Structure formats: C-alpha cells, structure tokens
Amino acid sequence: MSTVSARFRPSGLLRMSQEQIVLMVVLALFVVFGVLLDGFLTTNNLLNLVRSVSSLGILGVAMAVVVIARGMDLSLVASMGVATAVAIQLMQTTASTPVALLVGLGVVMIMGLFNGFLIAFVEIPALFATLASGLLVYGLARTTVLNGLIAQLPGDRDFVSWLGQGAVLGVPVPILVFVAVALFAQWMLSRTRPGRFIYAHGDNAGAAALTGIPVRPFTTLEYMLSATIGFVGGLVVAGSVGGLNTQVIDGTLIYDVLLVVVVGGISLVGGRGSVLSVVAGTALIGVMLNGMTILNMNTHEQDIVKGLILLGALILDNRLHPRDEETVRQGD
Amino acid sequence: MTASVTSRRSARRPPERNVIGPQPIGKRIRELRHRAAPQQVFAELFEKRWMEPAIPLALLIAVIVFFSVTTPAFATPENLLSSSAELAEIAFVCVGMAIVMISGGIDLSVGSMFGLCNMIMLLLITIGGVPVLPAIGVTLLAGAILGSVNGGIVAYLKARPFLTTLVTLIIFRGVLNLLDLNFAAQTATVFVTDPVWEWFGTGKVAGIPFSFITLLVVLLLGHVVLSRSRLGWHITAVGASRRAARHAGIRVERVLLVSYVFAGLLCALAGIFYAARLSSASARVGEGLELNVLTAVILGGISLSGGKGTVWRAFIGAATISLLGKGLLLMNVGGETLQTALAIVLIVAVGLDIKWGKNRGKAIQKVYVNPTVVEYGPLPDVRQGSGSPFEINDRLRDAESIGAGEVEGPEDVVLDRQGRLYCGTRQGWIVRFSGEGFRHKEIFARIGGHPLGLGFDSDENLIVCVGGMGLYAVAPDGTHRKLSDETGRTWTRLRDDSRLRMADDLDITPGGQIYFSEATTRFDMADWVLDGVEGRPNGRLVRYDPATGQTRTVVRDLVFPNGICSAHDGESLLIAQTWLCRILRYWHSGPRQGRIEVFMDNFPGYLDNINRSSDGAYWVALNGMRSPAYDLAMRMPTFRRRMMKRIPRDEWLYPSMNHGCVVKVSDEGEVLETFWDPGGEAHATITSMREHDGYLYIGGLENNRVGRIKLDRGGPRTGADGSARTASTTPATVS
C-alpha cells in the first residue's frame, strides 16, 4: 500500500503512508483534547471510547473487505442489526446460546449471499444493490420476525455480555475481539490465497477474471465474509449495551463505518489499503466522536461534522486515486 | 421431377409445403406448430421504440385497475383528488431525479432537500414574517443552492455522485434537524392567513388541485427543455457519453451542475406545496423519500446508465409508486410492508434495467431468426454414372473468363443489342465490358448497394434490382434514377415491411410491366443466408408499372423468391425459390390470371436466377447444392434453433454454397442438360447465366469474373435478354 500510494504523493515531505498520517493526527487530537477538554483523560471516558471504538472498528474491518475488492456494503449495519436482533430474540426463548448465534450467523450468510448474487450475477452496482437489500432485510425482519424495535438481551446470556463488558487481565474484551478480528483479517488478506484474490479483484476485476479467479462466486464470498465479521461487531454492541436497538439501522452508523474506512486510506477504487488503515481510521473517528460528545454537541451537529469530514475524505480519495469518470458506470 | 407432375395444382396462394402429397396428421400438426411464430412476434414487438415506455404505462394501468377492483375507497373522486395533490409533490421530485439521472448522475439527497425546503418555507412565513411570494422565491433559491452544492461537488470536484449525495443527504438532514430543534415549536403558534398561501394549499382549477396543474405545466416545460432545447440535448448527451459530449465541445461540468440545480429547484417546489398543504414543520418530512423517488424513476424506465428518459416516464413512475402507496395504505398495510415492497420493486427494476439495457439487442437477435420446417423430396443423385439428369460433367471447365480479377461479385450479367456485357459488382457499380474479347472495361454507373438482377427495357434502359436500395433504371448514357424503393405495407405484420430490403431479380413482361422479386423482407444483404436458416416465407413478388410509376406487391409470403423470368407464353412468370429448390409459375395475365402452380421442384441444389433460352427452354442457375445433412437440418427447426443459441455464428451449419451448376429445363419442366465445373475452380457459386448469340455468360455472387462458353448448336442471333418487344412473339429472339 505505502509503495503504491506513494507514487500519487506530490513531494518528499509527505512520504508517509496515509495511515501513518492519520495516526499522527490521532495523537495530536489526543493531546489537544487531553489538554483542552475536561473529562477526556479519565479512565471511565477512555474505557467508553475504547468500547465504542471497538465495535466501530470491527464493522470497519467488515466494510474494508468489500471495499478492497472494489465493492461497497451499505446493508452492513442492517444485516448486522437484524441478525443480532434475531439472535437475541431467540435467546429470550429457551434456545441455547450457540443455536441462537448460529441462527444469527445464518441470517448474515443469506444476506451476504443475496448481496453477492445481486452484485455479481445480476450485475446491479454494489451501491444500489446493498442500499435496497438493507432496506429489504430490515423491512422484512420488522414485518415478520422482530417483536419490537428494541431487543433486550436476557441477563443469563453470559457469553454475549462478556463479549461486550468482560475483561481479560484488565483489557476489555471488545478491544480483544477487535484485535482478534483485525489480526485475522490482516492475516487472511495478506497471507492467504483468498486474501490475495480479494486484492486482485479490487485492483482490476477484468484482469483477475482473465487470470482465472472465479470473480463472480468470489464476490459472493466477499460479501458473506463481510457480513459475518459485521455480525461479530453486532454481538459486541449488543453485549456492551445489553441489547440492540434496531433503530440503529435507520441511523447514521453506516456513515461512521464508511468514514472509518475512507479516512483510514482504503480507497474506493479498490485494491488498496489494509487492516492497519481501518485501525488508524477507527482511532481517529473514535477520538473525534468522543471529543464531540464531551463538547456537548448534539447528534445533529455531530452528523453535520461527520458528513463534512466524510465528504472531504471522499473528495480527497478521489484526488489521490482518480478514476476515469468518463467511462465509469453508474453506481461505481 | 416426378413429383412436379403430380403437384401441378394451381392456387391463388403459393403452396407453403414443399412436398405436396398425403401427410400423416402428426406431421401436419408439427408443421403447423413451427409455422406459428410467437418468438418472431416477440422480437418484432421489442424492436419497436414505443415498447419501452409502454411497459411502465401498462404497469401503472394495472396498479390502478387492481386497486379500483379490490379497494372500494380507491376509485372515489375524493381519494383521487387528494392523491393527485400528493402525487404532484412526489412527481416534482421525480422529475428532478430524472433530469439528474438522464445526465448520468444520481441525487440521493432529494428527500432531505425536500424536507429542508419545506422547513425553510414554513420558518420564513411564520417566524420570519416574510410575505408569501418573496418567501417562495427565497425557498426556491435555497433549493437551487442546495442543488448546486451537490452539483458543484460532483461536477467540479469529480466526486462519485452516489456517495456524495448520500453524504449530503445526512448533512442536509442534520441541518434540518437543527432547525427543527431550535425553531419548530414556535411555528405552531403562528397562523398564516394569506390568500396566496391558501391557494397554494387548497386552491383548485376546475376541481383539480393547483399543485397538479403546476405539475402539468412543469412536465410540459420539462419536456420541451429536455427534448427541444440545446440545454436538454446537452444533458442527454452528457449522460449518454460523457467523453463524446466533451469531444463535441459541450461544457460537461456546467451541464452537470445545471442538472443538479434543476433537481434542487424541483425539490424546493415540492417542499413549498407540501408546506402549503400540511403546514407540518417536522424534521421527519421527506425521510426515506429518496427510495420512493429512485424506485419510481427507474420503474418509469429512466435508465441508470444515463442518457435515456423523458419527464413523462418520470411521471408514470411517480404515479405508479404514489398510487401503489396510497392503495396499500387504504388496504391497511403497514409502513414497513410498504418499504419492504418498495425495496423489492427497486431491486427488480434496477436488475431489469441493467439486464435489459445490456442484453436487449442480444435477446432480440437470439429470437429473431426463427426456423421452421422445410421438407424436401428425395435428394437426386448427381454423381457421375448415376444416370440422373443432373449427372456431373465438366462442360464449364473450358469457360473463357471475362474481366477476371476486375469485378467483385457479378451476381447477374446481361448483354445489350450491341453485344456489350454488363454486370453489377459489390461496390455498387455497373461494369460494362466491350470490344474484342470483352477486354475493354468501364464503369457504366455507380449506383451503390449491391446491384443484383439486371434487364433491359424496350428503350434500352438498364433496369437494376439493387440489394439494399430498390429498383433503379440506368439510361444508355449511364445516368441512373430510382424507380421504386417501397411497396405496400403488410398490415398484419408488426414489422413495417414497406421498404424494399433486398430486391433480387427482375424480368419485364411483353406488356412492359417490371416484375421483380424481393428475396426477404426480414434480413439485410449481409445476412441473406440467415433467411435460409430460417426457411420462412419472408419474400414477395413485386410489380412496378413504368406507365404509372406504381409499385404493388403481387404475391406475398414466398420463401426466398430469387430468379424471375417471363415465360415464353408471355402470360406467366417463373419464380425460382432458393431454399425450397423449386420453381413456381405465376400467371399475371390471360385466362389463368392470378393462379400459382409448382412448375418444377426437388432440384438437387438451391436455385438462383432463371432466364429464357433461345430455343424455347429455360436456363436455371444452382448457386449451391443440397446435402443429406442440411436437408435433415431443414426438417428439424428445433435443431437449428439450438444450433443458433449454443454455438457461435461462424460455426453454424449453413447451406452449401461452394458448388453449383447451370441447368437447362424445357417449357414442360423436363431437365434437358446441365453444365458443371466439377472442381469449382472458375465458377463455384453460379447465380446467373445469360444466353446471347450462341454463347452462355455466367455470373456468380462471390466470383471475381464472368464466364463464357460456346453453346454446341448455333442458335440464331438473339437480341438482348428480356427485350420485351419480342419476347412473346418469336421465341427465337429471346435469350
């Protein structure tokens, strides 16, 4: 990544990769907030920050998988929310935790399969396909399966609660899950054949197909993998707050996830960036969100700020990795 | 030729079946099944330009009919009136979205812009205390500014339209939420009693809400702008191909910006009407509207790929979605269900749009060629020593060649009274050879197309059937003029077949009427062999009357009529049908006028031109030979269909066109003699021959020369072939 993107950099001053720059910005923000904001450098706040950042980071890793493959999954939050809510609803009955989790996993798998089918076989642009499929799965779940907007996690489901609130040797479990997911994704993307294929697919889908990669089934696999990682994130969220409010699907969480990915340096042109980019992006967005909350900005003001930053990041990404807009397809 | 004797029944229509005789009922049913052509109807229907907007319209009608029948409250005047006001608002937004999509972009922020403009309008007239008309102006301006934010980022910063507008959606929504949080409560206490404002909300013209009237005006304006103005053309051009638009000198960025500004303006207009109707200063106004609008616009048939669409399609889509929502609401279906249904409709519509846009041509092409059953009689043996009249010989081996390498594709040859030789070439020329040994070559006329059949009329004008163009006449000085390029349309067919696609061969009757064949109305010159794969009666016999200049179709539904020859009796025409390997006789005058009978059938090869000989017989050219395998294939239409679907075109089984001969047949339908070039070295595909002055001249569609052989018996000197003055009076003067 660093060697590739370095060619787009204008001068020697900015030799650093995008994630290094972002991490430095995070450090600077951390120092500034620490000095200026009361209550930023408290244990409670930092724990809170880490916890919220972890679930965002896990979703970011999920999104990164498809974005590296030049895709996009706007239904990520919807499939995560629906699957988690379904799993929790099962836990409210007598079903055992593994069974409930397996059912949730099944939901995201079907969702990924459906997305992959629409994108790879029907050839609907990923943005349209996932925008519609997200609405579809949420609508279907609300009309048929889900009992209410909020799925309350029963107190006796220790595993899920532990995922969100537990600690190992003083380190919160969400952080550990995030690290585990990130390490797994990094290993898979950089050391395994499917991972290299994902980069190849994102870099040049036509060339990938010509070298013999089964691009269409592979696309399906990418979306299934992404949705599965998203489900892990959903469980962490549910564990940490003791349930899941499915209204999160209608909210702006998906933009936060996009923000994490794009700001971190995973270009939307595909084939670029790594899990480290997600980590850097997550740190930046986490610190920023936390700072804004302490600054007592309401959610609408935060939305505006996040939107502006995302807009800037999209424009910057487009500058750094320009695409041929004269031949580009709608929805790319 | 035995079959021909039993089959001499004459009828008004050409017999479609090639083998006349008793037939088992099962076979007959199979033949009838393959004669019906639903696929052909499909292909011809979807080739129509009006078909694409017709489908969304049918869908809209279906929605209206469905709810009118199932929901009693739907088709009431009150419901329709209130629906029309709501429809107007969503339709404004849809037209805005449509304009952006035609320019190749997309605007997902329409819902937020709509809500924000609604809020701005209400705040201005309540808290702001601004008079209504200036407030409307300010709101429209605000809409334009919001649109220009989108447009500026997309056009000048070259960002991705989908994600950009998705992000501006939350930014605008955030602003709207802030306004709602800080000011909305105060709006409830102010009551606006401006008559203009009330007119906007509840005014009616002839019982129709003012907003709907405004919508009609906007639709008309939008239609004129999009389809008649320079700006509209630029928007369409940019959407169809941005690069081509830039090369054409269109300021692409500015056009894109303008299209987004239009979207903003129309959202503001919708917001104003919404504000006037409901006075609802809520932050939730327009939430999720982008999904409805996107679905509506795509459902209306405005392609995601840009460059295609009209405001009417946007309106049809808007009406469908709006009435669907209203109807479901009346049926007490919840909002979530509606949203789920919309998401499904969106996925299906986008999928169809993409698949249809990509595969339309392929789909039509795949079903365009539509094979049917063609039965042949037993294949005559042509081998040496077989004793059949078609036995192979080498009588063409010593043919002299004229203009070898100088002409390309002389399909037909003809000689004038001075003994000069004329032939058409694939370049669209008529080439003339004259002088000693025909060594002097000149280009007599340049018509274009591919000149096929030739013939001289009584005034020494060369009448030419030009494939792809029609019937032309070349005067002796080489100037050419069009005689005819269209005939009456067959009203029972979807496809307009009035234009002559492939005029093939002609002859002139003693009465001076020009009869010519149009081999096929369904395939172009380059694809003529496909007509053989199909084997359907696509051709016709056409008459041109030089006296009145009128063109009429005389016999329709002929399977590939190729050669035309006025018979020695002067009252009938012989029509050689290529794929059926038979010759029909059609009486154009005399006591048997209008009758058709099979003159000869079951030739061993595919017939091309047919001409009179000097001794009262006829010359027939065979351009290719039948083979048992292809005969079998012609009997099996499903096999040919599968072949066309499964394998690439250059590997299809085609009729053999590599080998042919000239056959002389008597006026009674007996084969008299044959002329073969066994190796096919000089004359492989023979499409025409012409007797003149004791010589036989030979042309070939794919050949590079004209051949000439001396006929054994010294016939009397003859005039040019087809010289109508003498054709029926003295057999000796025709060739």
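Per chain, numbering begins at 1; letters A, B, ... match sequence-line order. Note that the coordinates shown come from a computational prediction; the quantities given were computed from them, not determined experimentally.
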For [X], does the [atom1] atom sit with more than 12 other heavy atoms under 6.0 Å from it, leaving out its own atoms?
X         : atom1 : value
Lys355(B) : NZ    : yes
Trp356(B) : CH2   : yes
Arg246(B) : CZ    : yes

Rounded to the nearest 0.5 Å, what separation is found between the [atom1] atom of [X] and the [atom2] atom of [Y]?
X         : Y         : atom1 : atom2 : value
Leu136(A) : Gln339(B) : CG    : CD    : 10.0 Å
Phe128(A) : Ile347(B) : CZ    : CD1   : 12.5 Å
Ile309(A) : Ile171(B) : CD1   : CD1   : 10.0 Å
Thr299(A) : Asn177(B) : OG1   : CG    : 7.0 Å
Arg319(A) : Leu157(B) : CZ    : CG    : 6.0 Å
Thr164(B) : Asn318(A) : OG1   : CG    : 8.0 Å

Of the backbone (N, CA, C, O) and the side chain (C-beta and beyond), which part of [X] lies under 4.5 Å from a heavy atom of chain B, both, or neither?
X         : answer
Phe121(A) : backbone
Leu311(A) : both
Leu118(A) : side chain
Leu74(A)  : side chain
Leu131(A) : side chain
Asn298(A) : side chain

Nearest heavy-atom pair of Ile304(A) and Gly174(B): which atoms, and what distance?
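The pair with the smallest heavy-atom distance is CD1-C, 3.6 Å.
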
How close do Ala132(A) and Ala343(B) get, heavy atom to heavy atom, and via which atoms?
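Answer, listing the atom of Ala132(A) first, then Ala343(B): O-CB, 3.5 Å.
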
Greatest number of heavy atom pairs closer than 4.5 Å to chain A - which of [options]:
options                                    : answer
Leu181(B), Ile170(B), Leu346(B), Val238(B) : Ile170(B)
Val350(B), Asp353(B), Thr295(B)            : Val350(B)
Leu166(B), Thr168(B), Ile153(B)            : Leu166(B)

Does any heavy atom of chain A fall under 4.5 Å from the side chain of Leu342(B), the backbone, both, or neither of them?
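Neither part; nothing is under 4.5 Å.
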
Run the side chain to side chain contact (heavy atoms under 4.5 Å, CB included) test on Leu163(B) and Leu127(A) for me, step by step, so that the C-alpha distance in whole Å, both residues' side-chain angles and the decisive distance to 0.1 Å come before the verdict.
CA-CA 8 Å; Leu163(B) 287 174; Leu127(A) 285 166; 3.8 Å; yes

Most heavy-atom pairs under 4.5 angstrom with chain B, which of Leu258(A), Asp303(A), Thr143(A), Thr252(A)?
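Greatest number of close heavy-atom pairs with chain B: Thr143(A).
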
